[in-house]
Amino acid sequence: MIELEKPKGKGHGDWSSNIALKLASKLHQPPQAIAEFIVENIEQPGYLDKVEFAPPGFINFTLSNVWLYESLAKLCREREVFGHIRKSSGEKVQVEFVSANPVGPMHVGHGRWAALGDTLARMLRAVGYEVSSEFYINDFGNQMNIFGRSVVARYQQCLGVEAEFPANGYQGNYIIEIAKEIIAADGNKYLDLPAETQVEIFTQRAYKQVLNNLKHILTAMNVHFDNWFSEQWLHRSGYLKETIAELKVKGHLYEKEGALWLKTSNFGDDKDRVLIRANGEPTYFAADIAYHRHKLERGYKKLINIWGADHHGYVKRMQAAMVMLGAPEDTLEIIIGQLVNLFSGNRQIRMSKRTGEMVTLEELLKEIGSDAARYFFLMRSPDTPLDFDIELAKSQTSDNPVYYVQYAHARICSILRKAAAQEVKPDGFKANLELLTADPELALMRIIAEWPLILKQAAERRCPYRLTQYAENLATSFHFFYHECRVISDDSQLTAARLSLVDSTRMMLKNVLSLMGIGAPEKM
RNA sequence: GCGCCUGUAGCUCAGUUGGAUAGAGCAUCGGACUUCUAAUCCGAGGGUCGGGGGUUCGAAUCCCUCCAGGCGCGCCA
């Protein structure tokens with residue numbers, strides 16, 4: 001493949017082409033000769049500073065500063081949508097994430113999926129997709145029943161009634177809290193109802209309470225969902241049955257040992273899977289197929305799901321089911337997020353339900369705040385288990401990348417405040433940007449000019465962590481500039497130009513942080 | 001046993017649709033404030049890219065094989 005790319009190393013220009021290397025074998029000529037021939041015969045347009053040959057056969061293009069000034073001017077015009085693709089592609093994309101069971105507290109892994117999914121949705125929106133984010137509520141089935149029974153048992157115990165706690169019940173203290181809240185609101189009025197009625201009432205009531213708490217936490221994390229989809233609806237509306245009927249018509253079902261099976265092994269799965277158990281109850285998988293069929297019916301062309309690594313074994317069967325429903329093969333894209341390991345400095349905090357040492361997402365947020373949490377959750381590729389150092393996230397030093405980036409923003413605001421006090425305002429339209437010729441200035445502008453490409457690639461490759469990398473590069477470049485170049489000086493022309501540059505940098509930092517759902521403080 | 005992910009500097013990680021001398025942060029060592037925020041900046045050292053084989057002008061990247069770690073392999077969700 002012949003490509004134009006951004007060279008990694010310094011001293012190779014702004015763009016480079018490997019065309020001579022690719023042509024060498026076809027033309028039976030050494031790549032150097034081809035490259036030299038091209039360089040000698042190419043016409044140089046005005047925005048190119050130079051075109052050079054470099055061994056073993058690369059052709060390097062160096063852009064003139066004009067495009068840097070143009071990029072800066074563009075940022076001044078477009079402000080928060082700089083680098084965005086504003087013309088909608090019209091393609092409907094759905095991102096589903098977190099979807100935590102509403103029967104217990106969220107763990108820190110959920111925080112990671114929340115930050116990833118929410119940021120991915122924002123990025124996709126920025127590059128022109130019509131995006132909807134969604135949370136699937138598993139408010140049906142066995143676990144709900146066990147959950148309800150656990151609450152009933154605690155309710156009775158709290159009222160002094162001897163009650164046996166379900167063998168596989170939920171042990172956590174939050175169950176007792178829920179029971180106490182019910183008592184606080186309604187006293188003992190449910191005590192004399194038939195056992196099954198109690199379970200039914202408590203299940204619905206308690207899960208809504210957990211769900212509300214979960215929504216509250218996600219909102220505090222600045223995570224937004226466009227839609228909340230209930231599993232109960234799939235069962236009660238008959239949509240699940242309809243889905244199974246469709247699969248039957250298409251010939252993908254068979255009966256064996258009293259159960260109803262789906263032939264997923266025909267489409268890449270290791271083995272076939274049960275949809276309806278011998279006892280007549282549908283499996284979780286059956287409901288999930290119905291759910292995804294509903295997504296298709298709503299017109300989404302691309303479905304992105306973020307799942308924890310503990311669910312990766314589920315991927316093939318789900319994709320097989322999508323194909324059976326008639327969706328194009330690449331419709332369902334599943335991002336598998338590796339788990340989170342919490343550290344306090346060097347000491348790993350072992351998470352264990354058994355020993356009870358367990359840090360919930362809520363506790364983590366309370367400890368370090370939403371900004372730091374989101375930043376750390378986004379910092380690594382989803383493929384890598386995340387080592388999350390709580391002490392580092394809390395520290396107010398430059399070792400802490402979120403503080404480092406936010407500090408750059410606050411520092412610029414401080415300059416702008418000082419300028420304003422002297423009645424000087426940044427004005428990107430009037431300032432003569434061509435006065436910006438020092439290396440730190442050019443370096444800063446180069447990073448700003450790269451943003452549209454970075455954003456597009458980060459969205460296409462589903463890599464939110466590239467935003468943290470970009471933010472850090474931008475902040476570093478600014479701090480270097482700050483050290484080397486004084487913004488407010490006696491030279492009013494240069495002051496105007498530099499004020500435009502730092503104000504642009506400020507907007508850029510704010511834009512990136514905002515895509516990550518993180519605040520940009522004006523003072524620190 | 002099978003499947004997915006991972007293995008890159010002392011530590012945490014980028015780079016993996018083949019490209020140039022393998023990068024960054026932290027840590028270590030050495031420097032820089034009479035200044036718009038030192039919550040900052042500059043410099044240095046540090047590597048058999050898990051091991052071995054192969055493919056080619058060129059491999060951290062692709063293929064084969066072995067080793068190590070995480071996770072998963074239910075008519076649970």
Side-chain angles (χ1 to χ4, degrees), chain A residues 1 3 5 7-12 16 18 21-22 24-25 30-32 54-58 60 101 103 138 140-144 146 168 231 256-261 269-271 273-288 308-316 336-339 341 343 346 379-389 392 395-401 403-404 406-408 410-419 421-422 440 461 463 465-466 469 472-473 475-476 478-489 495 498-499 502 523-524:
Chain A
M1 188 169 35
E3 47 201 17
E5 60 182 10
K8 285 173 194 161
K10 284 168 188 165
H12 299 301
S16 81
N18 61 356
L21 290 160
K22 294 293 175 189
S25 58
Q32 304 213 10
F58 290 100
N60 295 330
N101 291 332
V103 295
N138 299 129
F140 187 90
N142 210 17
Q143 56 164 13
M144 286 285 285
I146 295 165
N168 50 0
E231 183 186 351
K256 191 178 89 180
E257 293 162 5
L260 189 64
W261 296 70
D269 196 8
D270 302 333
K271 49 187 171 187
R273 308 289 171 177
V274 170
L275 293 189
I276 309 283
R277 294 190 268 256
N279 67 7
E281 292 292 320
T283 57
Y284 175 83
F285 180 45
D288 219 9
D310 49 343
H311 286 78
H312 76 260
Y314 200 78
V315 171
K316 278 183 184 169
I336 295 299
Q338 297 296 316
L339 303 173
N341 301 313
F343 285 79
N346 286 326
M379 221 164 20
R380 307 285 178 233
S381 159
D383 285 340
T384 307
L386 177 64
D387 282 356
F388 191 124
D389 183 348
L392 179 61
S395 81
Q396 309 203 347
T397 68
S398 59
D399 302 352
N400 180 353
Y403 271 85
Y404 180 81
Q406 288 184 321
Y407 177 61
R411 214 177 194 189
I412 293 172
C413 289
S414 173
I415 298 172
L416 295 176
R417 277 193 299 273
K418 176 161 178 162
Q422 299 176 14
R461 298 180 191 181
C463 294
Y465 64 88
R466 292 198 182 211
Q469 290 175 342
E472 282 164 54
N473 289 341
T476 297
F478 166 73
H479 286 308
F480 177 58
F481 159 84
Y482 177 90
H483 197 259
E484 300 290 317
C485 305
R486 199 176 168 79
V487 176
I488 300 167
S489 68
T495 298
R498 284 184 172 167
L499 273 177
V502 295
K523 282 182 184 174
M524 286 173 75

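The figures here come from the full heavy-atom set of this structure, side chains too, leaving out hydrogens, waters and symmetry mates. Throughout, a chain's letter reflects where its sequence line sits, starting with A, and its residues are numbered from 1.
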*From the list B:C73, B:A14, B:G3, which nucleotide is the closest neighbour of the side chain of A:S381?*
B:A14
*Looking only at heavy atoms, what is the nearest atom pair of A:V502 and A:V487, with distance?*
CG1-CG2, 3.9 Å
*Answer yes or no: does atom CG of A:N279 have more than 12 heavy-atom neighbours from other residues, nucleotides or ligands under 6.0 Å?*
yes
*Shortest non-hydrogen contact from A:A259 toward A:A278*: CB-N, 4.0 Å
*Quick one: which of B:G15, B:C75, B:U17 gets closest to the side chain of A:V274?*
B:C75
*A:Y482 vs B:A38: side-chain N/O to OP1/OP2 distance below 4.0 Å*: yes
*asked:* Would you measure the distance from the C1' atom in B:C63 across to the matching atom in B:U56 and give it in whole Å?
replied: 13 Å
*Have a look at A:E484 and say if it touches a base, only the backbone sugar-phosphate, or nothing, with a 4.0 Å heavy-atom cut-off.*
nothing
*At under 4.0 Å, does any side-chain N or O of A:Y465 touch on OP1 or OP2 of B:G25?*
no
_At 4.0 Å (heavy atoms only), tell me whether A:R466 reaches a base, stays on the sugar-phosphate, or touches nothing._
sugar-phosphate
*Measure from the side-chain heavy atoms of A:D387 and tell me the nearest of B:A14, B:A77, B:U12.*
B:U12
*asked:* Measure CG/A:D270 against P/B:G1 and give the value in whole Å, please.
replied: 17 Å
_Nearest to side-chain heavy atoms of A:K316, which nucleotide of B:A77, B:G74, B:G3_ = B:G3
*asked:* Let me spell it out: for each of A:M524 and A:F285, pick the nucleotide of RNA chain B with the closest heavy atom. Which residue's pick is nearer the 5' end?
replied: A:M524
*Separation of A:Y404 atom OH from B:G25 atom P, in whole Å?*
8 Å
*How far does the P atom of B:G51 sit from the matching atom of B:G43, given to the nearest Å?*
31 Å
*Name the nucleic acid region contacted by A:R461, choosing base, sugar-phosphate or nothing; use a 4.0 angstrom heavy-atom cut-off, strictly under.*
base
*Please walk me through it: do A:R411 and A:H479 pass side chain to side chain contact (heavy atoms under 4.5 Å, CB included)?*
CA-CA 9 Å; A:R411 214 177 194 189; A:H479 286 308; 3.0 Å; yes
*Is any side-chain N or O of A:R277 closer than 4.0 Å to OP1 or OP2 of B:A77?*
yes
*Nearest to the side chain of A:T283, which nucleotide is it out of B:C73, B:C75, B:G15?*
B:C75
*asked:* Please report the distance, rounded to the nearest Å, between CG in A:N400 and P in B:A39.
replied: 14 Å
*Name the nucleic acid region contacted by A:C485, choosing base, sugar-phosphate or nothing; use a 4.0 angstrom heavy-atom cut-off, strictly under.*
base
*Atom CZ of A:R411 to atom P of B:A39: distance rounded to whole Å?*
8 Å
*Per A:I488 side chain, nearest of listed nucleotides B:C26, B:C36, B:A39*: B:C36
*Just compare B:G74, B:A39, B:G3 and give me whichever is closest to any side-chain atom of A:H312.*
B:G3
*How would you label the contact of A:S414 with the nucleic acid (heavy atoms, under 4.0 Å): base, sugar-phosphate, or nothing?*
base
*asked:* side chain to side chain donor-acceptor pair (under 3.5 Å), that's the test. Do A:N138 and A:Q143 meet it? Break it down for me.
replied: CA-CA 9 Å; A:N138 299 129; A:Q143 56 164 13; 5.0 Å; no
_Same-atom distance (C1') from B:C49 to B:A60, integer angstrom_ = 5 Å
_side chain to side chain contact (heavy atoms under 4.5 Å, CB included) between A:K523 and A:R417, worked out_ = CA-CA 10 Å; A:K523 282 182 184 174; A:R417 277 193 299 273; 3.4 Å; yes
*Same-atom distance (C1') from B:U48 to B:A32, integer angstrom*: 38 Å
*So what does A:D310 hit on the nucleic acid, given a heavy-atom distance under 4.0 Å: a base, only sugar-phosphate, or nothing?*
sugar-phosphate
*For A:D399, which contact category applies under a 4.0 Å heavy-atom criterion: base, sugar-phosphate, or nothing?*
sugar-phosphate
*Nearest heavy atoms of A:F285 and A:V274, plus distance in Å*: CD2-O, 4.3 Å
_Sugar-phosphate, base or nothing in reach of A:K523, heavy atoms under 4.0 Å_ = base
*Taking the same atom, P, in B:U16 and in B:U6, what whole-Å distance lies between them?*
12 Å
*C1'-based separation of B:U17 from B:C62 [nearest Å]*: 11 Å
_Using atom C1' in both nucleotides, what's the gap between B:G54 and B:U61 to the nearest angstrom?_
15 Å
*Between A:D383 and A:Q338, which heavy-atom pair has the shortest distance, and what is it?*
O-CG, 2.9 Å
*How long is the line joining CD of A:E472 and C1' of B:C13, in whole Å?*
11 Å
*Bracket string, RNA chain B, 5' to 3' - pairs by Watson-Crick or G-U geometry under 3.5 Å, | interstrand*: (((((((..((((.....[...)))).(((((.......))))).....(((((..]....))))))))))))....
*Closest to the A:H483 side chain: B:C41, B:G15, B:A38?*
B:C41
*Decide yes or no for A:T495 and A:S489: does some side-chain heavy atom of the first lie under 4.5 Å from some side-chain heavy atom of the second?*
yes
*Atom-pair distance (CG on A:L339; P on B:G70), nearest Å*: 12 Å
*asked:* Any base atoms under 4.0 Å from A:Y314, or only sugar-phosphate, or nothing? Heavy atoms, all strands.
replied: base
*Under 4.0 Å between any heavy atoms, over every strand shown, what does A:A309 touch: base, sugar-phosphate, or nothing? Just pick one.*
sugar-phosphate
_Without decimals, in angstroms, what is the distance between A:H311 NE2 and B:G70 C1'?_
17 Å
*What are the two closest heavy atoms between A:P440 and A:F481, and how far apart are they?*
CB-CA, 3.8 Å
_Quick check for you: among B:U6, B:A27, B:C75, whose closest atom lies nearest to any side-chain atom of A:D383?_
B:U6
*Side-chain N,O (A:Y403) to OP1/OP2 (B:G25) below 4.0 Å*: no
*asked:* Categorize A:A419 for me: base, sugar-phosphate, or nothing, with a 4.0 angstrom heavy-atom threshold over every strand shown.
replied: nothing
_Shortest side-chain distance from A:R486, nucleotide among B:C36, B:A14, B:G15_ = B:C36
*To the nearest Å, how far apart are A:Q338 CD and B:G72 P?*
11 Å
*Return the minimal non-hydrogen interatomic distance between A:L392 and A:D399, and the atom names on each side.*
CD1-O, 3.6 Å
*If the C1' atom of B:C64 is compared with that of B:G47, how far apart are they to the nearest Å?*
26 Å
